[in-house]
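A quick write-up on the structure given underneath.
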2 protein chains.
Amino acid sequence: MAKLRFNISISLDGYTAGPEQSKKDPLGVGGEGLHEWVVRLAAWRAPHNLEGGEVNESTGVVEESVTNIGATIMGRNMFGGSPGPWDDRKPWNGWWGKNPPFHHPVFVLTRHPRPRLELEGGTSFTFVTDGIEAALGQARRAARGKDVSLAGGAKAAQQYLNAGLVDEMELHLVPTLLGGGERLFDGVKDLGGLRPVRTIAAADVTHLKFVRGAP
Amino acid sequence: MAKLRFNISISLDGYTAGPEQSKKDPLGVGGEGLHEWVVRLAAWRAPHNLEGGEVNESTGVVEESVTNIGATIMGRNMFGGSPGPWDDRKPWNGWWGKNPPFHHPVFVLTRHPRPRLELEGGTSFTFVTDGIEAALGQARRAARGKDVSLAGGAKAAQQYLNAGLVDEMELHLVPTLLGGGERLFDGVKDLGGLRPVRTIAAADVTHLKFVRGAP
């Protein structure tokens, strides 16, 4: 069956976003520092229509993370917009512009119903109000045999981890402290059946891969 | 000048000890799991008078960590014994028996005065009541030109990190969750001048080394 794959950047003190998230600082104060390692890679810049970039130990990790993905799941906070019910007068269509880099169906976990949103380049956003298992079921069907990516943020990840639904997890550990913000593993008691299988060290980030199941 | 060197095992969720520390569980519930990677190494077993053990990617890291150390600093909680003033009727002389594996002077940060304690094999414990800088000064003099090891625990480390007094730090990141306990970086806002210089990955632990100063 199609896997649920999760990969996310975290700081040494366990944060996936800094404090005081806002439209100005969607990743929280200092949170963009968690993503510098990927933004400088050619493997990330090309699909975002940016020129240049490095090739280093992280390149293969990034290429692998986007290979064979047919659908994405994310939390409402990651999709963004003001909290609470959707405002029809000022529709929020995500951070990614008219042609988001997903190019496949995206499922947003929310308590507030909203019609499906179709953007350019094959990206759609479906707003799922009946929980993480329903979202995973819809995403699996939409992925048509490919895997499903769990994009985050922390709260969505915690729910899927605690439910034992994550098949693969890759943490991109960035050697910095944020000192506040959203902790990835808050309320997660153990890794369930996820076990470490691979560590790749670059100069500015360490990639720790886990898979579910017996060795 | 002699360096202050700090190395410690932490979990993916940032804990250096598990919840509910006690005489029965000095590292907290589950905390001993943070040290399995080192206990199975020949490089750790030999100085603890234990036979056998592995040689792997971590061996050089452990050998380096004990090389050129002339004194150790630790917090009261790591030295152990009941909290509060020392009980003369039931003297607590540490976790390590009559011949502790330090073989050099150890300085214990405490608010409660106590005479210096001399044990076998060259290990002494001096109880320092006038703060982290005084302890570091005493340890530097006692180390006679060698480096000083900061052994932990979390609270002692936080004080030295926030004061910018740590010259080298090596984190042994263990791919597990403890879900509670003592967080290494609680109250530490940033790494100060510590920057990452080396990552070594073993199957069961990743070693992240930092040094103070410009590249």
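First the proteins, then the strands, lettered A, B, ... as listed; each starts at 1.
For the pairing with B:Glu168, the salt bridge (Lys or Arg N to Asp or Glu O under 4.0 Å) check across B:Lys3, B:Arg195, B:Arg198 returns one residue only, B:Lys3.
Both the backbone and the side chain of A:Pro175 come within less than 4.5 Å of a heavy atom of chain B. The part of A:Arg183 that comes within reach of chain B is its side chain, from C-beta onward, which places non-hydrogen atoms under 4.5 angstrom from that chain. Interface remark: A:Asp186 contributes side-chain atoms only to the contact with chain B (heavy atom separation under 4.5 Å). Only the side chain of A:Leu171 has a heavy atom closer than 4.5 Å to any heavy atom of chain B. In this structure, chain B has no heavy atom under 4.5 Å from any part of A:Ser11. Heavy-atom distances place no part of A:Leu184 under 4.5 Å from chain B, backbone and side chain included. Proximity to chain B (any heavy atom under 4.5 Å) is restricted, for A:Leu208, to the side chain, taken from C-beta onward. In this structure, chain A has a heavy atom under 4.5 Å from the side chain of B:Leu173, while its backbone stays farther away.
With chain A as the partner, the residue from B:Val188, B:Leu194, B:Leu191, B:Leu177 showing the most heavy-atom pairs under 4.5 Å is B:Leu177. The residue among A:Asp13, A:Leu12, A:Thr206 with the most heavy atom pairs within less than 4.5 Å of chain B is A:Leu12.
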Please list every donor-acceptor pair under 3.5 Å in which a side-chain atom of residues 27-39 of chain A meets a protein atom from a residue at least two apart or in another chain.
from	atom 1	to	atom 2	distance (Å)
A:Trp37	NE1	A:Ser9	OG	3.0
A:Trp37	NE1	A:Leu34	O	3.1

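The CG atom of B:Leu178 sits 10.5 Å away from the CD1 atom of B:Ile10 when rounded to the nearest 0.5 Å.
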**Asked** How far apart are the C-alpha atoms of B:Asn7 and B:Arg5, what are their side-chain angles, what is the distance that settles it, and do they pass the side chain to side chain contact (heavy atoms under 4.5 Å, CB included) test?
**Response** CA-CA 7 Å; B:Asn7 81 94; B:Arg5 291 160 46 189; over 6 Å; no
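The shortest side-chain heavy-atom distance between A:Arg212 and A:Val166 does not fall under the 4.5 Å cut-off.
The stretch residues 133-146 of chain A participates, sequence neighbours left out, in no side-chain hydrogen bond (donor to acceptor under 3.5 Å, both in side chains) pair at all.
Counting non-hydrogen atoms of neighbouring residues, nucleotides and ligands closer than 6.0 angstrom, the NZ atom of A:Lys155 reaches no more than 12 such neighbours.
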